[in-house]
Structure formats: structure tokens, C-alpha cells
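A short write-up of the structure that comes next.
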Amino acid sequence: MKIATYNINNVNRRLPNLLAWLKRARPDIVCLQELKAADEAFPQAELRKAGYHALWRGQKTWNGVAILSRKPPILTRKALPGDPGDTQSRYVEAAIDGLLIGCLYLPNGNPQPGPKFKYKLDWFRRLQTHARKLLKSGAPVVLAGDYNAVPTDFDIYSMNSWKDDALVQPQTRAAYAKLVTQGWTDSLRALFPDKPMYTFWDYKRRRWERDAGLRIDHLLLSPSLSTRLKKGGVDREERGREGASDHAPAWIELR
DNA sequence: ATGTCGTTAGTATAACGA
């Protein structure tokens with residue numbers, strides 16, 4: 001079973017890229033982030049035609065998450081618990097084919113310090129709480145998405161112009177590490193301990209051309225799934241295509 | 001400090017988020 005996460009950076013603008021990639025990569029399940037589309041603007045019909053069911057929580061202009069799947073999904077959550085006042089569309093969760101899939105878009109948090117960074121850390125804490133409950137349930141869980149967290153200096157081409165960025169701050173890294181040490185497996189790092197495995201290249205300053213990337217999209221596996229991890233990768237070539245998102249799809253295959 | 005890309009408000013450009 002192939003599971004992918006892809007920050008699509010506007011699902012309607014990138015729809016041709018998305019459809020072409022789905023055809024090439026043939027994933028069974030895809031977590032999408034940054035739909036940047038209201039619920040009613042989600043391209044459900046086109047994706048259905050391409051063979052995918054979808055569950056989504058959209059939002060005009062910003063955020064928005066979706067889960068695509070070849071088999072019909074069962075919605076389990078449309079928001080991360082812990083703050084009923086949080087109106088941003090950043091989490092959707094579903095049961096598909098014996099798995100529980102959490103699709104998340106963690107806040108960027110820039111500029112830091114400030115209210116946006118506080119929101120990021122608060123959101124991270126809520127994710128830790130929810131993730132701990134999922135682990136305790138014993139269910140086979142994949143938590144996939146754009147974490148907006150660079151786990152270590154090895155996950156970035158250079159720290160020089162990112163020192164003050166929310167993605168690399170010690171608090172961000174500590175929050176990610178604390179989450180993983182609950183018992184999750186960072187699949188791509190587990191499969192490739194010696195390769196950076198970047199998933200994002202900023203549009204600015206020719207960062208794609210220079211391979212100045214960051215690894216911020218992650219697929220975390222609960223213990224029962226970590227033993228089923230067979231293959232994984234990043235479809236880097238998607239980042240180089242015409243009209244591409246600034247992220248590339250990251251994927252795994254489970255036995 | 002800057003870079004890029006796209007959206008929004010609201011009609012030309014500036015601000016904003018990522």
C-alpha cells in the first residue's frame with residue numbers, strides 16, 4: 001500500500017500537476033495540504049474521475065487539507081481537538097483500508113517570536129496530546145503532512161539564512177522530537193539515515209536549481225506499522241515541473 | 001535585506017502569507 005503526503009500549494013492552480021502525478025505515482029492514499037480553496041471549490045469531480053475518493057476541509061485563500069484514497073474513506077475527524085476556537089483548516093482524519101490516516105498542516109509560525117509562533121507551538125502541543133491518544137488506542141496510524149519543522153541541521157541545505165526562521169527554532173525541533181519519541185517512526189529518516197530527503201524548496205533565490213531544500217513533510221508511523229515499512233521516497237522531479245508547488249510529494253509503501 | 005508566487009481588495013497597486 002502506497003501512502004503519500006503532498007503540500008499542493010493551491011489545489012485548483014496545481015490541478016494539472018496533481019492529476020499527472022497521481023497517474024504516474026499511483027498512490028493508494030494521499031494527504032494534501034494548502035488547498036487554498038473553500039469547501040465548495042474543491043475539485044472533487046476531477047479527482048473522482050481520476051479514481052480517487054476524497055475527504056476535505058477547505059478554507060478560502062489559506063490552509064485547507066484533504067485525504068484522497070482509492071478505497072472509500074470513513075471520516076473520523078475534521079479538526080484537531082483541544083481548541084474549539086481554532087477556525088483554521090489544518091487537520092482531517094479518516095479510516096481507510098484498515099489504517100487510520102491523520103492529514104495535518106502544521107502552522108508555519110513566522111515571524112518569530114510573536115502570536116503566529118505561539119499558535120504554532122500551541123498547535124504542536126495539541127497534536128502531541130492527540131497523537132498520544134492514538135498510540136494508546138493501539139490502532140495502525142499514519143500521521144502525514146507538512147509539519148513546518150526541520151528536525152535537525154541535516155534536514156536543511158544550510159542554516160545560514162534560516163537561523164531566525166520558525167521552521168528551525170529549538171522550540172520547534174523540541175516539539176517535533178517530543179512527538180516522535182512518543183513512539184512514532186519518522187519513515188523517510190528511518191529508511192534513509194544518510195540522505196537529506198528534502199521535500200521543500202523555496203521559490204526564492206533559485207533554491208530549486210541549487211538544491212537548497214528543507215525536509216519538512218513527514219510521514220510518522222505507529223509501532224505496528226513501522227514493521228511494515230518497505231519502501232519510501234520523495235518525487236523530487238515534480239518540484240521541477242512547470243507550474244509546480246514549492247513542495248514535492250513524499251511517500252512510503254507498507255507491506 | 002533580499003528573493004518568488006499568488007491572492008485579496010478593488011481597479012492600480014500594495015499588503016500579506018508562505
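Residue numbering restarts at 1 for every chain, and letters A, B, ... go by the order of the sequence lines.
A salt bridge does not link A/Asp246 with A/Arg207: every distance from a Lys NZ or Arg NE/NH1/NH2 to an Asp or Glu carboxylate oxygen is 4.0 Å or more. A salt bridge links A/Arg241 with A/Glu238; the closest basic N to acidic carboxylate O contact falls under 4.0 Å. By the 4.0 Å N-to-carboxylate-O rule, A/Lys78 lies too far from A/Asp39 to be salt-bridged with it. Using a cut-off of 4.0 Å between Lys/Arg side-chain N and Asp/Glu carboxylate O, A/Arg126 and A/Asp122 are scored as not salt-bridged. Taking the charged nitrogens against the carboxylate oxygens, A/Asp97 and A/Arg70 have no contact shorter than 4.0 Å, which rules out a salt bridge.
Within the structure, a side-chain polar atom (N or O) of A/Arg13 is placed less than 4.0 Å from OP1 or OP2 of B/dT7. Between A/Asn10 and B/dC5, a side-chain N or O to OP1/OP2 separation shorter than 4.0 Å is absent. Distances shown here put a side-chain N or O of A/Thr61 below 4.0 Å from the OP1 or OP2 atom of B/dT8. Considering only side-chain N and O atoms, A/Arg14 lies under 4.0 angstrom from the phosphate OP1 or OP2 of B/dG6.
Checking A/Ser161 against A/Asn7, the closest nucleotide of DNA chain B that is more toward the 5' end is the one next to A/Ser161. Across the interface with DNA chain B, nearest-nucleotide mapping of A/Asn110 and A/Lys204 shows A/Lys204 to be the residue nearer the 5′ end.
Using a 4.0 Å cutoff on non-hydrogen atoms, the parts of residues 33-45 of chain A near DNA chain B are A/Glu34, ordered by number.
Here side chain to side chain donor-acceptor pair (under 3.5 Å) pairs that include residues 216-229 of chain A, with residues two or more places apart or in two chains, are A/Thr199-A/Asp217, A/Arg215-A/His218, A/Asp217-A/His247.
Rounded to a whole Å, the CG atom of A/Leu15 is 15 Å from the P atom of B/dG6. Atom P of nucleotide B/dG3 and atom CH2 of A/Trp162 are separated by 15 Å, given to the nearest angstrom. A/Phe117 has its CZ atom 16 Å from the C1' atom of B/dA18, to the nearest Å. Look at CG on A/Asn160: it is 16 Å from C1' on B/dG3, rounded to the nearest Å. In this structure, A/Glu209 atom CD and B/dT4 atom C1' are separated by 11 Å, rounded to whole Å.
In plain terms, the two heavy atoms of A/Arg239 and A/Tyr203 that are nearest each other are NH2-CD2, 3.7 Å.
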Just the table, please: protein N/O against nucleotides 9-16 of chain B N/O, every pair under 3.5 Å.
none

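Relative orientation of the A/Tyr91 and A/His130 rings is perpendicular, given thresholds of 30° and 60° on the angle between their planes.
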Going through the checks in order, is the side chain to side chain donor-acceptor pair (under 3.5 Å) test met by A/Asn7 and A/Asn9? CA-CA 6 Å; A/Asn7 180 323; A/Asn9 186 10; 5.8 Å; no
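A donor-acceptor contact under 3.5 Å is formed by the side chain of A/Arg205 with the base of B/dT2.
Between B/dA12 and B/dA1, the two C1' atoms lie 26 Å apart (nearest whole Å). Here, B/dG10 and B/dC16 have their C1' atoms 16 Å apart, quoted to the whole Å.
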